[in-house]
Amino acid sequence: MTDIRWDEAFCSEGANCFRFGIDDQGRAYIGSTTDATAHVSDSVEALRALISAVKSGAADHLL
């Protein structure tokens, strides 16, 4: 089992909460606060690219 070090949860309006984490192998995680087993994982570089894309509007059509 992977030991993930989770940051404090990030919550937006309406208590929609997510958390970010990293393991001892340097893999990045985004997890749900409602289900401790629900998360996605990829490299730190992939997470950085995802965050940059979201910040630039790539996911605006989902809002």
Asker: Between I22 and V44, is there a side-chain heavy-atom distance shorter than 4.5 Å?
Answerer: yes
Asker: State plainly whether one hydrophobic cluster holds both V54 and L47, where clusters connect Ile, Leu, Val, Met, Phe, Trp and Tyr through side-chain heavy atoms under 4.5 angstrom apart.
Answerer: yes
Asker: Partners of S56 by side-chain hydrogen bond (donor to acceptor under 3.5 Å, both in side chains), sequence neighbours excluded?
Answerer: none
Asker: When hydrophobic residues are tied together by side-chain contacts of less than 4.5 Å, even through go-betweens, does V40 share a cluster with F20?
Answerer: yes
Asker: The criterion is side-chain hydrogen bond (donor to acceptor under 3.5 Å, both in side chains); which residues satisfy it with R27, sequence neighbours excluded?
Answerer: S41
Asker: Look up atom CG in D23 and atom CH2 in W6, then write down how far apart they are to the nearest 0.5 Å.
Answerer: 10.0 Å
Asker: Is there a side-chain contact between D42 and L50 (heavy atoms, below 4.5 Å)?
Answerer: no
Asker: Who pairs with Y29 by ring-ring contact (aromatic ring centres under 6.0 Å, His included), at least two apart in sequence or on another chain?
Answerer: H39
Asker: Determine, using the 4.5 Å side-chain heavy-atom cutoff (strictly less than), whether I30 and F10 are members of one ILVMFWY cluster.
Answerer: no
Asker: Write down the atom of T33, the atom of R19, and the distance for their closest heavy-atom approach.
Answerer: CG2-CD, 4.3 Å
Asker: Which heavy atom in S43 sits nearest to a heavy atom in A28, and how many Å separate them?
Answerer: O-CB, 4.0 Å
